[in-house]
Amino acid sequence: MSELSPRRRLLVLAICCMSLLLVSLDNTVLNVALPSLQRDLDASTSGLQWTIDAYTLVLASLLMLAGSTADRIGRRRVFTAGLVVFTLGSLLCSLAPNLEALVAFRMVQAVGGSMLNPVAMSIITNTFTDPRERARAIGAWGAVVGLSMAAGPLVGGLLVDSVGWRSIFWINLPVGLAALVLTLRFVPESRAPKARRADPVGQLLVIALFGSLTYAIIEAPHASLSTTVPFGAVALASLVALLRYESRRHEPLIDLRFFHSAPFSGATVIAVSAFASLGGFLFLSTLYLQNVRGLSALEAGLWMLPMALPTFLCAPLSGRLVGNRGPRLPLLIAGGAMTAAGLLFALFEAETSNATLVVGYVLFGVGFGFVNAPITNTAVSGMPRAQAGVASAVASTSRQLGQALGVAVIGAVLAAGVGSSSYAESFVDASRPGWWILTACGLAVLVVGAATSGRWARATARRTAERLESAEIREVAGADA
């Protein structure tokens, strides 16, 4: 891809950010609508979990396939297809007659979404070649997540209260169509110099691993051991088979050599931990504000602003810090703030007081605002540009898998602890183990971030990049010969 003018690069960044806004806004808007969905569709707690996790699971399962496919056949082509499928899926979701249909249509959305975020990040990586410019662009990208968190609860609450939960999917239609037109007009086509072959066996193993693991967790509070244990066994067998098969494949779906880089491995763990914390935090907060405090969807959205606004404000600051000083400081701030927020709820029952509730939301918003830019920058900056799509897809997969597991685990803990006599009275006690789990996720961000952002870790990233580039040169030379 030829070098673009500064103005054109900013336009490409804006178009890619529109796709992220589509995907992330959809999640935050849906969280606010969960109690309304529960009433209208007579959904259980596990049913609510599936409306979120069906989307994130399909997304996580297909992201790496989408990233490698985009590198092979063209990033703009895959990105355009993703916009079409996601917009169509949103229309179908707005027409869903029951919970089962909604879950199925959310999966259609996810197929389109899998072609958006990792491919958009690959486009950004190949558009912004200067490391500092790239870090700032990724910071702006991360700010869109904060924007979705700020606007999502308010927009969702307003739509749910005034029109109904179906209208939350309507907002994707004009944004998706606008992004499609702009992509066709302004985003240049790009692809990797050497095409990677498809890996259907690896793809099936990833789907089996993610799906069976999440099913076992979500259904554990309601189903018998004879139902959940086999799914746990399938997940374990799929993981073992995936590691063995991918390590022997010439062009694997998941290039395990990436994980020789300590920063890349750390970014993967941090992404899972941070987004598990986000998924669990939003799930608990939404149900608490509306089902326990009795707030409307719009009022609940307003209560979430102390969490959303710091995320929006801190994300670009984190991007600048990563560009100027590296990822260590943003990760330490993120881990410390998220750990403190979890402790405030776990130890001091922050939700029982307005003041402590706001403080807990602010702390979590600050932490999450700082965590996104270093994850993305670390994942793609140490890898050859030709494999940017695959590397960013691994980071995106880690995010979605983390969010799916966060909702699954926290929802299962909540379902097991809420008493049948009084939901409101038992909610705070039932959510206590969940808050301890979210505290552990924040602590993982802090510890892993500190351990994998030092000088020795950067040395492993350089060695890994050199090996990958050398192997790529040898492969190209062998193919030419």
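- With hydrogens and angles ignored, the 3.5 Å screen pairs no side-chain donor or acceptor of Thr452 with any backbone N or O of Gly266.
- When Ser273, Pro374, Ser277 are each tested for a side-chain contact (heavy atoms from CB on, under 4.5 Å) with Val445, only one passes: Ser273.
- In plain terms, the two heavy atoms of Ala178 and Met18 that are nearest each other are CB-CE, 4.0 Å.
- Not one N or O on the side chain of Arg76 forms a donor-acceptor pair closer than 3.5 Å with the backbone of Pro188.
- Not a single donor-acceptor pair under 3.5 Å links the side chain of Thr127 to the backbone N or O of Arg9.
- Among pairs with a residue in residues 232-250, those fulfilling salt bridge (charged side-chain N to carboxylate O under 4.0 Å, His left out) read Asp199-Arg249, at least two apart in sequence or across chains.
- Counting only residues at least two apart or on different chains, the side-chain hydrogen bond (donor to acceptor under 3.5 Å, both in side chains) pairs with a member in residues 353-368 are Ser285-Tyr361, Arg293-Asn354.
- Judged by distance alone, with hydrogens and angles left aside, the side-chain atoms of Thr397 form no donor-acceptor pair with the main-chain N or O of Leu63 at under 3.5 Å.
- For the pair Thr439 (side chain) and Gly342 (backbone), a donor-acceptor distance under 3.5 Å is present.
- A distance-only check finds no donor-acceptor pair linking the side chain of Ser261 to the backbone of Thr464 [under 3.5 Å].
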Side chains of residues 322-336: which donor-acceptor pairs under 3.5 Å do they make with residues two or more places apart or in other chains?
{"unit_1": "Asn324", "atom_1": "ND2", "unit_2": "Arg320", "atom_2": "O", "d": "3.2"}
{"unit_1": "Arg328", "atom_1": "NH1", "unit_2": "Ala450", "atom_2": "O", "d": "2.9"}
{"unit_1": "Arg328", "atom_1": "NH1", "unit_2": "Ser453", "atom_2": "OG", "d": "3.1"}

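- Between the Ser19 side chain and the Cys16 main chain, a donor and an acceptor come within less than 3.5 Å of each other.
- Summarising the geometry of Val234 relative to Ala208, their closest heavy-atom pair is CG1-O, 4.4 Å, with the distance given to 0.1 Å.
- Every residue meeting the side-chain hydrogen bond (donor to acceptor under 3.5 Å, both in side chains) condition with Glu349, not counting sequence neighbours, appears here in chain and number order: Arg432.
- For the ring pair (Phe, Tyr, Trp, His ring centres under 6.0 Å) test, no residue two or more places apart in sequence or in another chain qualifies with Phe128.
- Under the ring-ring contact (aromatic ring centres under 6.0 Å, His included) criterion, the residue pairs touching residues 313-347 are Phe281-Phe345, Phe345-Trp435, with sequence neighbours excluded.
- A distance-only check finds no donor-acceptor pair linking the side chain of Gln403 to the backbone of Ala276 [under 3.5 Å].
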